[in-house]
Amino acid sequence: MNETDLVVELASDTDVDSVNLINPNGEMNSLQRVQEGATQVTFQLLGEAEDGYTPGDYRVVAVADDETIGETTISLQPEVTITDVMWAQNHPDLNWDKDRSTWRQFAALTVENTGNAPTYLTALQWANSPHTKVSPSETLTHNPTTLIPPGETTIYSAAPIYQTEDPTGVHGAIDCGNLETDTLTVTGVVQAGTNPSYSQTIEYGGAKYSCELTIVDGSPTESSQTTSNESDT
């Protein structure tokens with residue numbers, strides 16, 4: 001894999017007309033003609049406007065004169081987990097946009113792909129966060145469209161997740177004195193693979209317009225298979 005592409009290397013002395021990529025369902029995923037003298041072909045599996053690929057075992061088949069002259073099988077398996085959700089106030093050394101007065105209310109996620117293939121994270125859905133308690137929406141969604149290659153990736157929220165009062169004054173503020181603990185859940189929507197989730201327990205204290213939040217604990221939760229790269233906004 002080279003970022004979003006599957007690159008197939010050919011022996012220099014191989015006379016090949018085309019290379020076919022057969023998906024896990026046994027259907028033709030793509031066909032690439034081989035130019036004279038070429039020693040590789042490239043299949044694009046991911047793109048910001050693409051639907052993604054189906055994880056599983058792919059057959060790569062080299063064809064000459066309508067005959068198969070060689071083939072191999074490759075397993076493409078992204079395995080994405082949200083391993084941490086960090087509140088800016090507790091992690092000031094990360095790369096926050098500190099020109100924003102509300103930067104301490106934002107969140108960052110550590111996303112780990114332990115598989116062997118990339119995927120796009122197309123949406124993050126925040127449920128039961130402090131922000132949603134002072135807005136008309138039960139779930140806050142934003143669409144980062146971030147490539148998640150194997151390894152760790154840090155993603156910053158597009159909204160103040162830990163905001164406890166509406167700065168416009170329209171929706172008021174959380175009366176934190178009437179709350180004890182609650183569980184925030186963030187779910188990622190991925191193009192290929194399973195949708196990762198993470199839950200974080202937050203303890204509320206203080207009073208209205210003077211909230212005191214404490215992160216009690218947090219951990220990854222059970223993932224769900226993605227069915228589409230679309231999400232509600």
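Below, each value reflects all heavy atoms present in this structure, side chains not excepted, and no hydrogens, waters or symmetry copies. Remember, predicted model here, so these are calculated numbers, not experimental data.
- Shown are Leu179, Leu213, Ile215, Thr214; of these, the side chain to side chain contact (heavy atoms under 4.5 Å, CB included) with Glu203 is made only by Thr214.
- The backbone N or O of Thr122 sits less than 3.5 Å from a side-chain atom of Asn143, completing a donor-acceptor pair.
- The closest side-chain heavy-atom distance from Trp87 to Ile161 is not below 4.5 Å.
- Across all their heavy atoms, Leu140 and Thr132 have their closest contact at N-CG2, 4.0 Å.
- Taking the side chain as every heavy atom from C-beta outward, Leu10 and Val19 approach each other to under 4.5 Å.
- Within 6.0 Å of CD on Glu9 lie more than 12 heavy atoms contributed by other residues, nucleotides or ligands.
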Side-chain donor-acceptor contacts of residues 92-108 below 3.5 Å, not counting sequence neighbours, with atom names and distances?
residue	atom	partner	partner atom	Å
Trp96	NE1	His91	O	2.6
Asp97	OD1	Asp99	N	3.2
Lys98	NZ	Pro92	O	2.9

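- Here the side chains of Ser157 and His142 are in contact, with some heavy-atom distance below 4.5 Å.
- Contact annotation: the side chain of Pro118 approaches that of Leu46 to within less than 4.5 Å [non-hydrogen atoms, C-beta and beyond].
- At least one side-chain heavy atom of Asp65 sits less than 4.5 Å from a side-chain heavy atom of Asp17.
- With sequence neighbours excluded, no residue satisfies side chain to side chain contact (heavy atoms under 4.5 Å, CB included) with Asp15.
- Between Phe43 and Val8, the shortest heavy-atom contact is CE1-CG2, 3.9 Å.
- Smallest separation of non-hydrogen atoms from Asp175 and Ala207: OD1-C, 4.4 Å.
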Please assess Val80 against Leu121 for the test side chain to side chain contact (heavy atoms under 4.5 Å, CB included), listing each intermediate value before the final yes or no.
CA-CA 9 Å; Val80 178; Leu121 181 73; 5.8 Å; no

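- Looking at heavy atoms from C-beta onward, Leu184 lies in side-chain contact with Pro130 at the 4.5 angstrom threshold.
- A distance of 11.0 Å separates CD of Gln163 from SG of Cys211, quoted to the nearest 0.5 Å.
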Could you go step by step and tell me if Glu71 and Ile22 meet the side chain to side chain contact (heavy atoms under 4.5 Å, CB included) rule?
CA-CA 10 Å; Glu71 68 175 80; Ile22 311 299; over 6 Å; no

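- Residue Glu3 qualifies as open at atom CD: its count of foreign heavy atoms under 6.0 Å is 12 or below.
- A donor-acceptor distance shorter than 3.5 angstrom exists from the side chain of Gln200 to the backbone of Val85, with no hydrogens or angles considered.
- Taking CG from Leu147 and CD from Gln191, the interatomic distance works out to 9.5 Å, rounded to the nearest 0.5 Å.
- In this structure, Gln77 CD and Asn116 CG are separated by 7.0 Å, a value rounded to the nearest 0.5 Å.
- Judged by distance alone, the side chain of Asn113 and the main-chain N or O of Gly115 form a donor-acceptor pair under 3.5 Å.
- Looking at residues two or more places apart in sequence or on another chain, you find a side chain to side chain contact (heavy atoms under 4.5 Å, CB included) between Ala117 and Tyr53, Leu76, Pro78.
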Side chain to side chain contact (heavy atoms under 4.5 Å, CB included) between Lys208 and Ile174, worked out:
CA-CA 6 Å; Lys208 192 172 184 178; Ile174 303 172; over 6 Å; no

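- Residue pairs meeting the salt bridge (Lys or Arg N to Asp or Glu O under 4.0 Å) criterion with at least one partner in residues 127-151, sequence neighbours excluded, are Lys133-Asp182.
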Could you give the side-chain donor-acceptor pairs of residues 24-37 under 3.5 Å, partners two or more places apart or in another chain?
residue	atom	partner	partner atom	Å
Gln32	NE2	Thr42	O	3.4

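- In terms of heavy atoms, Thr83 sits closest to Glu112 at CG2-OE1, 3.6 Å.
- Of the inter-residue distances, the one linking Ser219 atom OG with Ile82 atom CD1 reads 11.5 Å to the nearest 0.5 angstrom.
- Thr185 places a side-chain heavy atom less than 4.5 Å from the side chain of Ser199.
- To the nearest 0.5 Å, the span separating CG on Asn178 from OH on Tyr204 amounts to 13.0 Å.
- Pro196 and Val190 get closest at one heavy-atom pair: CD-CG1, 4.0 Å.
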Show your reasoning for whether side chain to side chain contact (heavy atoms under 4.5 Å, CB included) applies to Ile74 and Thr72.
CA-CA 7 Å; Ile74 180 171; Thr72 189; 5.8 Å; no

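- Residues Tyr156 and Thr154 come closest through the heavy atom pair CE1-CG2, 3.8 Å.
- Contact of the Thr54 side chain with the Asn23 side chain is not registered, since no non-hydrogen atoms from C-beta on lie closer than 4.5 Å.
- With hydrogens and angles ignored, the 3.5 Å screen pairs no side-chain donor or acceptor of Asn20 with any backbone N or O of Val61.
- Thr201 is linked by a side chain to side chain contact (heavy atoms under 4.5 Å, CB included) to Thr181, Thr183, Val216, Asp217, counting only residues two or more places apart in sequence or in another chain.
- Interatomic distance, CG of Leu109 versus CH2 of Trp126, reported as 4.0 Å (0.5 Å rounding).
- Connection of Val41 to Leu21 is established within a shared hydrophobic cluster, with ILVMFWY side chains joined at heavy-atom distances below 4.5 Å, either directly or through further cluster members.
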